[in-house]
K.L.:
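Supplied in structure tokens, the structure appears directly below.
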Amino acid sequence: MLEVLFHGRGGQGAVTAANLLVAAALKDGHRGVQAFPLFGSERRGAPVKAFARISDTDVDLRSQIYNPDIVVVVDPGLLQLVDVTAGLKAESVLILNTTHPPGDFEFSKQFRVATVDAAAIAISHKLLVGGIPIINTPILGAIPRVTELVSIESVENAIKDQWKGEAGERNAHAAREAYEKTEVNR
Amino acid sequence: MSKRVVLEASHAVAEAVRMADVDIVAAYPITPQTHIPERLAEMVADGDLDAAYVPVESEHSAMSCVLGSAAVGARSFTTTASQGLVLMHEALYIASSHRYPIVMAICNRALSAPINIWCDHSDVMACRDTGWIQVFCQNNQESFDMTLWAFRVGEDPDVMFPVMVNLDGFILSHVTEPLILPDQDDVSRFIPEYHYRLALDPAKPTSHGCFGLPDIYTEVKYSQELALRKSRSVIDKGWKEFSNIFGREYKAVETYKAEGASTLLVTMGSLGETAKMVIDERRANGEAVGHLNLRLWRPFPFDEFRDAVKDVKTLAVLDRCYSFGGPGGPVASELRSALYNQETRPHVVGFIGGIGGREVDAQAFGYMIDRANEITEKGSDDLYEPLLVRGLESGTGVRG
């Protein structure tokens with residue numbers, strides 16, 4: 001079973017990202033998928049976690065994810081607030097939305113780190129709400145770069161199912177661009 | 001054609017309400033139920049559901065509104081959680097006493113204070129005696145299925161009671177997972193058109209909400225009690241019909257690996273799936289343990305429950321609600337009461353945990369099994385044991 005933990009802030013779409021990831025995983029033939037959020041007191045801007053499980057058998061476990069295989073940090077500001085390496089296994093991967101390459105992060109010595117400037121990609125594809133870039137769909141594109149369980153084609157299709165027409169196309173293109181531009185340290 | 005999709009449980013409930021072709025939805029949004037009314041409002045606005053959507057100003061108004069719509073024979077749905085449900089409280093009794101088959105989805109959440117938006121069962125347990133049929137769900141598929149079933153059973157001429165469909169707040173309401181959505185023709189076959197014989201109609205006047213003097217009130221309440229108990233046969237028939245059409249089987253009391261078990265874990269709601277994982281591990285180690293899921297809470301399934309536990313030594317029961325100053329959690333207390341007059345009966349060991357969103361993980365279930373077995377063997381004067389309380393040594397019980 002693959003367990004993915006998203007760190008974001010309320011309103012950034014981390015929860016939607018987890019939902020889209022499992023919709024993509026279902027398209028790739030994984031029978032057991034599950035996505036759910038963990039809110040603090042609900043407010044825009046507060047740290048939020050979202051979880052996704054992907055398995056080839058039904059997922060019955062309903063607890064939070066404490067030892068993730070993949071950690072996705074949607075908001076780089078959270079790196080100062082949250083220990084994003086908590087509970088990681090030796091083979092776990094961190095995916096960061098950042099302008100920096102993987103080697104700039106101390107924990108890249110210990111863990112696989114993938115980086116992508118998802119905010120810049122969001123801006124270039126006009127994925128903005130109230131002037132703020134919406135990075136959840138571009139950062140999803142980085143996930144197929146670090147696991148074979150979910151394909152970029154399914155991520156694009158899940159996005160296009162969620163938003164019909166031009167909006168879906170723009171979000172899917174952003175995911176594809178992030179997929180191509182993601183840097184992985186090893 | 002039925003299809004397998006991924007949907008959030010809240011959206012699955014909304015989809016079931018749409019497929020049931022309700023006439024009216026009246027609801028007030030409250031965390032964690034918000035996504036249900038939100039999606040239904042969208043469906044009505046987009047023309048996907050031909051119903052009135054009434055954005056009322058409180059939960060008390062939501063229940064009052066569907067009381068009115070049910071009185072004229074409209075298929076009526078509402079949904080709430082926590083403080084919203086307790087605000088509805090006085091009107092809940094009117095729904096069951098008037099025999100209005102309103103369907104209500106409850107995304108179970110803790111009660112204030114302190115304010116807490118996460119899951120436990122305090123909200124619905126406060127409504128235990130309101131006379132509604134009450135059913136619990138373990139996953140998204142069941143949340144969808146029980147919502148459909150609630151319309152079929154509640155509106156049956158031999159039932160005519162409102163139904164609460166309980167799904168755990170966040171743990172289910174906000175979970176996205178796969179489920180099978182049925183074909184509309186099958187749903188329409190399962191839930192026939194609803195005709196209310198006593199609908200308010202100026203052309204054929206009836207009175208609803210009459211005064212009940214002492215010379216009739218006793219008889220009215222007794223007949224209501226008999227009718228709710230009698231609804232058991234239709235409740236089961238509803239599940240049988242459901243299985244014939246959709247292929248998924250449900251029962252009032254469901255057991256898992258209970259064959260030959262000496263200890264059963266008892267849960268209601270979404271924790272049943274985690275409990276079953278623990279049972280799988282223990283069974284693999286050769287331990288005689290199983291799981292009992294209490295799906296139907298009201299009317300209580302006495303016969304099935306007694307039959308399911310007749311050869312069992314120990315019941316380890318998880319309650320997600322306090323009964324302050326009482327005999328333990330409401331579920332464990334009722335199970336004990338259901339067994340008291342039986343000649344042979346298992347030892348009922350109650351635990352209260354999973355309060356206000358505190359996780360009950362596999363390890364906690366493992367502890368419950370071991371501790372309950374120990375208490376059966378050695379005895380205990382405790383009423384129950386609080387689970388996962390920080391700073392409290394495990395094995396510390398609460399005495400009367």
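This structure is a prediction, so every number in the text was calculated from the model and none was measured.
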K.L.:
More than 12 foreign heavy atoms under 6.0 Å from CD1 of B/I180: is that the case here?
P.N.:
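Counting neighbours around CD1 of B/I180, more than 12 heavy atoms of other residues, nucleotides or ligands fall under 6.0 Å, so yes.
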K.L.:
Identify the residues of residues 18-28 of chain A whose heavy atoms come closer than 4.5 Å to a heavy atom of chain B, ordered by number, or report 'none'.
P.N.:
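Answer by number: A/N19, A/V22, A/A23, A/L26.
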K.L.:
With a 4.5 angstrom heavy-atom cut-off, is it the side chain or the backbone of B/L271 that approaches chain A, or both, or neither?
P.N.:
neither
K.L.:
Taking only heavy atoms into account, what residues of residues 134-166 of chain A are found under 4.5 Å from chain B?
P.N.:
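Within residues 134-166 of chain A, no residue comes under 4.5 Å of chain B, counting heavy atoms only.
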K.L.:
Tell me the residues of residues 168-175 of chain A whose non-hydrogen atoms fall below 4.5 Å from those of chain B, in number order.
P.N.:
none
K.L.:
Could you check whether atom NZ of B/K257 has more than 12 heavy atoms from other residues, nucleotides or ligands sitting under 6.0 Å from it?
P.N.:
yes
K.L.:
Count the heavy atoms of every other residue, nucleotide or ligand shown that sit under 6.0 Å from CD of B/E42, and state whether that count exceeds 12.
P.N.:
yes
K.L.:
Got a sec: does the NZ of A/K89 have more than 12 other heavy atoms crowding it under 6.0 Å?
P.N.:
yes
K.L.:
Tell me, yes or no, whether the heavy-atom count around B/Y28 atom OH, taken from other residues, nucleotides or ligands under 6.0 Å, exceeds 12.
P.N.:
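At most 12 heavy atoms, drawn from other residues, nucleotides or ligands, come within 6.0 Å of this atom.
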K.L.:
Does CD belonging to B/Q184 count more than 12 external heavy atoms closer than 6.0 Å?
P.N.:
yes
K.L.:
Are there residues of residues 53-68 of chain A that reach to under 4.5 Å of chain B by heavy atoms, and which ones?
P.N.:
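Contacts with chain B: A/D58, A/V59, A/D60, A/L61, A/R62, A/S63, A/Q64, A/Y66.
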K.L.:
Which atoms of B/N116 are under 4.5 Å from chain A, going by heavy atoms: the side chain, the backbone, both sets, or neither?
P.N.:
neither
K.L.:
So with a 6.0 Å cut-off around CD of A/E180, is the heavy-atom count from everything else above 12?
P.N.:
yes
K.L.:
Counting only non-hydrogen atoms closer than 4.5 Å, does B/V360 touch chain A with its backbone (N, CA, C, O), its side chain (CB onward), both, or neither?
P.N.:
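The answer is neither part of B/V360.
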